[in-house]
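Read the structure below first, then the notes.
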Amino acid sequence: MQKRKNGNLWRAEKRITKAIQEALQKIKEEGWNVPEGKEILLQRPRKEEWGDFSSQIAFNLAGLNKKPPQVCAENLVKNLPPLEDFVEKVEVVGGFINFTLGLPYLFSFLTEILKERENFPRLDLGKGKRVLIEFVSANPTGPLHIGHGRGAAIGSALSNLLEKGGYKVEREYYVNNVGRQIELLGESLALRLREIEGEKVTFSPDHYQGEYLKEMAETHYKELKEKKEDIAYLSRFASQLILEDILETLKNFGVEFDRITYEDSLYKESRVEKAIEELKKKKGIYEKDGALWLASTQFGDEKDRVIVRKDRRPTYLASDIAYHKEKFSRGYDLLVNIWGADHHGYIPRLRAGLKFLGLPKEKLKIILVQMVSLIKEGKKLSLSTRKGEFVSLEDLIEEVGKDVCRFFFLTRRPDTQLEFNIDLAKKEAPENPVYYIQYAHARIASIFRKWEKRKPLEGLSLQLLKEPEEIKLLRLMALYPWLLEGAINSLEPHRLTAYLQELANAFHRYYDRVKILGGEEKVELARLGLVEGVRCVIASGLKILGIQPRERM
RNA sequence: GCGCCUGUAGCUCAGUUGGAUAGAGCAUCGGACUUCUAAUCCGAGGGCCGGGGGUUCGAAUCCCUCCAGGCGCGCCA
């Protein structure tokens, strides 16, 4: 890719930040105290009349220099380098420094969008750094439920987002195909097989009693009947089929993985053994009551945890530490885990284990996704996998649609509990914000279908865009890269949804007031360029969210 | 009991290092289609940001405390 010579020149907020830094340097030479080593972040003013970006740096200066913010701001502004080529107004209001972008800049920004199309903007925050995002990782003991769906949506949107930011992203699913849960799965299948043969069987509460195993037993009875005593075989058989099913569901949900890691491979490669050995060497493990314990209290855990049982079998913690050690060894710059919030108590012990091994814990970010409860026909449903009383993700996708479902999960912060009201989601489907955004996209596509001349959108006279609604759209689009960077740096894909709604709203309003086709040719072309720009930004945003931009509705 | 998360409009939720008069969607009420798709647009009402205390020039945001909800506290994963 040919890199632009002028680098970030098209990014107004970057240039403003740089200008502020220069001004700070200058007033420092005049004897002012200036904040050192502080990243200058711009914010978006709450009101349009306050411009496009604002800085509150003067409030910091006020504290450091014992002068009113207004005075500090004014002095700083006096020392700003010339910005006229892209900023039309710099104003100090109550200590805030407000920057209003100039029209020529906004026009060139649109030109930039039209050049890159849906790929706009090209960001290079990640600078090719490698990120691993591990998510879903549901045990292959039953179909995914709606809670997994939330983690899946967030994980895949976050992956897309970081990829957009110039990170090299790998998406990974960790499969726990070892241990008691898998054993129980095999036992449950065995019981179902015996049931088919007319035997009266009783399930313990720990067994998986969902219909899916009954169906599996019926479908595969012939090939399994010889193996019905071989629990290990049945466990493998069932978990493999279920995993395939899970991955299929996720694919329908727009989620795919670059890598699947199986827990049993960690054992086969002696990684668990080695991790335990190393922990022993690093004095992280001691023996008590015949078991081996991880001294996790040393690093803030509530109590020490068993890592190898009395019977010498390692616990889940052992393989998980081994797994994370292995992930670290692959050399990523950032590791993200997306976990169900019910695992939160598990974090301190894992971190303690990693700390003993001397792994850089700041490279591991764990995003907890809170529970999803479901309301259907006015009733709250439980999500227990074992009892089999849950609404599967597959059913949900079928009922409300992939796009609505993803959007629903992606508008909210991960750490709030979510009540998914299925009746409402279905009933309100046409009013749903996701359709609102898609409709904006479809309307623009429709305009272009209607447009007969079909010229290339080049050499546009963008200065003919003068309507307030047009300027508003230009200003909003100019925020997009800034917004994306904020979402990327904070690992918060949900910021994108509100922005897309706002952009769609500005478009619908424009569409309502201003006729795009049919005016004087140069104006028509400029307007087409404008709405094409809007379409590209919407398409770009929806692509990150994993939602289909629609051509028609 | 202890730990973690949450509490913002009737409902579902946003709210960039603490900053300007707290926002959106839905719902409600009132208006707009001989026009590029009305799945749209415009307007109105609606809030002691759970309560109380504190830090600060400034708090929805930070600290303490209480209340409410969820989750966790296994030699399960």
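Every heavy atom of this structure was used, including side-chain atoms; hydrogens, water molecules and symmetry mates were not. Each chain gets a letter, A, B and so on, in the order the sequences are listed, and its residues count up from 1.
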So, does A:Arg552 use its side chain to make a donor-acceptor pair with the main chain of A:Arg443 at under 3.5 Å?
-> no
Rounded to whole angstrom units, what separation is found between the CG atom of A:Asn432 and the P atom of B:A39?
-> 15 Å
Which one, B:U37, B:C75, B:C5, comes nearest to the side chain of A:Arg443?
-> B:U37
Rounded interatomic separation in angstrom, taking OH from A:Tyr316 and P from B:G72 = 15 Å
Interatomic distance where CD belongs to A:Gln438 and P belongs to B:U37 [whole Å] = 18 Å
Using whole Å, report how far NZ of A:Lys515 lies from C1' of B:C41.
-> 16 Å
Whole Å only: how far is the CD atom of A:Gln370 from the P atom of B:G70?
-> 12 Å
Do A:Asn98 and B:A20 share a donor-acceptor pair, side chain to base, under 3.5 Å?
-> yes
The residue among A:Glu467, A:Glu470, A:Glu469 that forms salt bridge (Lys or Arg N to Asp or Glu O under 4.0 Å) with A:Arg513 is A:Glu469
Would you please classify the geometry between the A:Tyr346 ring and the A:Tyr316 ring as parallel, tilted or perpendicular, with 30° and 60° separating the classes?
-> tilted
Answer yes or no: does a side-chain N or O of A:Tyr435 lie under 4.0 Å from OP1 or OP2 of B:A38?
-> no
For the pair made of CD in A:Gln43 and C1' in B:G58, what is the distance, rounded to whole Å?
-> 14 Å
Check whether any side-chain nitrogen or oxygen of A:Thr416 sits under 4.0 Å from OP1 or OP2 of B:U6, and answer yes or no.
-> no
Out of B:U37, B:G74, B:G15, whichever nucleotide has its closest atom nearest the side chain of A:Met553 = B:U37
